[in-house]
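Side chains included, hydrogens not; waters and symmetry mates left out as well; all remaining heavy atoms used. We name chains A, B, ... by the order of the sequence lines, and we start the count at 1 in each one.
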2 protein chains.
Amino acid sequence: MAVLKLEPLDRPEGMTTHEYAHRRLRQAIMVGSIRPGESLTIRGIAEAMESSPTPVREALRRLSSEGALKVLDNRRIMVPRMTAERFGELIALRATLEQHAARRAVGHITEKQIDRLVAIDKAQDEAIAQNDNATALLLNQEFHRTLYTANPDQIVMPMVESVWLQLGPFLGIAMAHVAQLYFVDRHQEAIAALRKRDEEAVASAINADICEGIGGFERAAIENLLRLAGQ
Amino acid sequence: MAVLKLEPLDRPEGMTTHEYAHRRLRQAIMVGSIRPGESLTIRGIAEAMESSPTPVREALRRLSSEGALKVLDNRRIMVPRMTAERFGELIALRATLEQHAARRAVGHITEKQIDRLVAIDKAQDEAIAQNDNATALLLNQEFHRTLYTANPDQIVMPMVESVWLQLGPFLGIAMAHVAQLYFVDRHQEAIAALRKRDEEAVASAINADICEGIGGFERAAIENLLRLAGQ
DNA sequence: ATTTTCAAAATGTGATCACAAAAATCAATA
DNA sequence: TATTGATTTTTGTGATCACATTTTGAAAAT
């Protein structure tokens, strides 16, 4: 049996087992610590987190509905393989979705929430300065999430998170084969546009943030990376 | 126990029980035959489709990940209530997502696939002429799905379907309180633009198709409908 | 008539078991 | 050595059971 090592995770009281399993697996996929092509077994995961197949199966179903996992014809479950084409689609969709989410937030966001964005961005810069990639990644997600969820009726956030999840495995590959991930962002540009309630400028900043960040990989670089990772 | 009546559904051989349960519930929600606010019980559904709680729970988890169901704090599960604000967000997101999907399909679609779109549109017109709302709705979905999936690496279709699912309950309400759903579409405009491989014109046609179709409800009309339905 | 109390029923959750299909292992054969 | 074939193990699936929590409904009290 494939021995799966999973980072333990804080489990708040009252959280159900399947929810906990979902969180832990999601986290592992998001940061790219499960190799694409590696097959996950229900019993293996259940044993790794000291529970039983039932709640693990529920977690796997949710993750496959979220696009994080793929169910094969054999009913085996694995992290989807990445291709240059799929990567391109993911980046393009991410740009579309997050521009939409940002536009729809501009009319709702308060000055206090914008101040919060400033604080998150500052914390991210500090994490980058200390070469703490994992924390920087998490804070970058928190920046975007905080912006988009300023709209209380927003529907798009789960879809944005789904794209992040699907990009996770590639991040894992990139981190393993690139000496240093260089972070560039357009957060301050977005913040300035938000202060002015300039919807167009906000969308533009978010688009640039995505396209010049993770989306900035050249196609040749991507194919090279994937080849190196044996995909 | 709330007695749930579910349309039986064709079950292909080899389809697992949880997949079948997922399909049947999804279908019921999509056409608006489950009233928002009505609480679904695992055992009730299991009994209604002559199976057991385990696979039903998996189906419910998937549907909640797809946005079709909402898990309350009591762990009760229900179809989310609709509000005018949520409806507005859903329509705006639908327009954004489907314009994106359409643009991304233009470069891949073949003449044969465009011919297929023509056939589907014709069948839909016939269904409308015969006042067969259910069939017309299904064919409309098939039109859009066929267009978007012309792109083989496409990622967005599950998200489009998620929005359709979330709009389903409102459709059910509208059908119950409006004498006749008037169908307007921009399919022929989209087809003409596809033949010319005019990405901008395709996106424009899809946008109009959505905004003038289900998205055409005035806010006052929506609030009135929701009030009538006791939401 | 309304509210409170308390027992009974219903419900979500997760562990366990049995079964069939798939994968892996190993011996026999070419 | 490589390949086939049979046996064993592993795995996904779904039904069932026990437990804790919630909901329900009726009786009692205000």
Discussion item. Please verify the inter-ring angle class for B:Phe217 with B:Phe87; under 30° counts as parallel, over 60° as perpendicular, anything in between as tilted.
Written reply: perpendicular
Worksheet entry | Length of the line joining B:Tyr20:OH and D:dT13:C1', which is rounded to integer Å | 18 Å
Worksheet item: Which part of the nucleic acid, if any, lies within reach of A:Arg76 when heavy atoms closer than 4.0 Å are counted: base, sugar-phosphate only, or nothing?
Response: sugar-phosphate
Worksheet item: Between A:Arg61 and D:dG14, is there a side-chain N or O to OP1/OP2 distance below 4.0 Å?
Response: no
Worksheet item: When you measure from the side chain of A:Asn74, which nucleotide among D:dA15, C:dA22, C:dT13 comes out closest?
Response: C:dA22
Worksheet item: Atom CG of A:Leu72 to atom P of C:dA23: distance rounded to whole Å?
Response: 10 Å
Practice prompt. For the pair B:Glu19 and A:Arg61, find out whether any cationic side-chain nitrogen is under 4.0 Å from an anionic carboxylate oxygen.
Written response: no
Fill in: Sugar-phosphate, base or nothing in reach of A:Thr54, heavy atoms under 4.0 Å
base
Practice prompt. Grab the CG-C1' distance between A:Leu60 and D:dG14 for me, whole Å please.
Written response: 16 Å
Item to complete: Could you tell me whether the side chain of A:Arg57 has a donor or acceptor atom within less than 3.5 Å of a complementary atom in the base of C:dG14?
Response: no
Worksheet item: Among C:dA15, D:dG14, D:dG12, which is the nearest nucleotide to the side chain of A:Ser51?
Response: C:dA15
Discussion item. Is it the case that the side chain of B:Ser162 and the backbone of B:Glu66 share a donor-acceptor pair, with hydrogens and angles ignored and the cut-off at 3.5 Å?
Written reply: yes
Worksheet item: CZ of A:Arg43 versus P of C:dA23: gap in Å, rounded?
Response: 15 Å
Discussion item. I want to verify a distance call: between C:dT16, D:dT16, C:dT13, whose nearest atom is closest to the A:Pro53 side chain?
Written reply: C:dT16
Item to complete: Select one nucleotide: of D:dG14, C:dG14, C:dA15, the one nearest the side-chain heavy atoms of A:Ser52.
Response: C:dA15
Worksheet item: Okay, side chain of A:Asn151, backbone of A:Arg104: is any donor-acceptor separation there less than 3.5 Å?
Response: yes
Worksheet entry | Nucleotide D:dT21, atom P - distance to CD1 of B:Ile77 in whole Å | 19 Å
Item to complete: Whole angstrom is fine here: how far is it from CZ in B:Arg75 over to P in D:dT23?
Response: 11 Å
Worksheet entry | Ion pair check, A:Glu85 and A:Arg219, cut-off under 4.0 Å | yes
Worksheet item: What's the CD-C1' distance between A:Glu47 and C:dA15, to the nearest Å?
Response: 15 Å
Worksheet entry | Protein-nucleotide distance (B:Glu19, atom CD; D:dG12, atom C1'), rounded to Å | 13 Å
